[in-house]
Amino acid sequence: MQVSFAPLPYAQDALEPHYSAKTVSFHYDKHHKTYFDTLVKLIPGTKFENMPLEEIIRESARDASQTAIFNNAGQVWNHDLFWRSMKPHGGGEPTGEFRQAIERDFGSVEEMLKQLADKAVKQFGSGWAWLVVDRGKLSVTSTANAHSPLVSGGTALLALDVWEHAYYLDRQNRRPEYVDIFVKNLANWDNAAERFNTAPQQHAEHAQPAPRRAARR
Ligand code: MN3
């Protein structure tokens, strides 16, 4: 089996006071771990058994009879990125080439943050907000439940979990407050920049479609 339960990239209390150790403990040790444990029980003896996680997600997304595997695999992947989308003393602003790309595609960093927060707050029910790069172009999007840009297209740079379990212990129903704190105090732009720099077809000029051949008669 190729799937694994990734260690947290920091101590459970490292995001205090913005994201409590209690929430990290429930969210990582219970919710995230349960998705992983369930996946590990579901895949033995199936074609998914020896696939890398990303392939399990893409394959199961295409098959309505594999919803349980898709949901649990998707949530393992989404949470792996979510924990890396935060860091102690995070927030602030992206820098360098990544920042230039944000300014090119959104007008300003502030506008990108505003649009990301808006997607996160308005996602109806459980889901995720994302900063994505697709063929060199940045955008923000949201997905429901276990879905992600792995399925909808592009490379996810930042994942913001808006399932209630992500914030309820700290902020009850106040999702906008959680989103605001995530953006201002937790977001890990270094990790997002690294993912941007290594994303396939990072540069917009590579995104040009190949010249079309003249139609034959
Ligand atoms: Mn979660």
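Reckoned from all heavy atoms, side chains included, excluding hydrogens, waters and symmetry mates. Count residues from 1 along the sequence. In each ligand, atom 1 is the first atom listed, and ligand 1 is the first ligand listed.
Note on the Mn ion (ligand 1): protein N/O/S atoms under 2.8 Å are His27 NE2, His79 NE2, Asp161 OD2, His165 NE2.
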What pairs of donor and acceptor atoms, side-chain ones from residues 10-17 against any protein atom, are under 3.5 angstrom apart with sequence neighbours left out?
{"residue": "Tyr10", "atom": "OH", "partner": "Trp83", "partner atom": "O", "Å": "2.7"}
{"residue": "Gln12", "atom": "NE2", "partner": "Asp29", "partner atom": "OD1", "Å": "3.4"}
{"residue": "Gln12", "atom": "NE2", "partner": "Asp29", "partner atom": "OD2", "Å": "3.2"}
{"residue": "Glu16", "atom": "OE2", "partner": "Ala21", "partner atom": "N", "Å": "2.9"}

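Pairing each heavy atom of Pro94 with each of Val109, the nearest pair is CD-CG1, 3.8 Å. Scanning both residues, Ala6 and Asp80, for their nearest heavy atoms gives CB-OD1, 3.5 Å.
Applying the 6.0 Å contact sphere to CZ of Phe5 captures more than 12 heavy atoms from other residues, nucleotides or ligands.
Taking a cutoff of 4.0 Å between a charged side-chain nitrogen and a carboxylate oxygen, Glu111 and Lys114 qualify as a salt bridge.
Residue Lys87 is tested with Asn191, Asp190, Asn185 for a side chain to side chain contact (heavy atoms under 4.5 Å, CB included); the sole match is Asp190.
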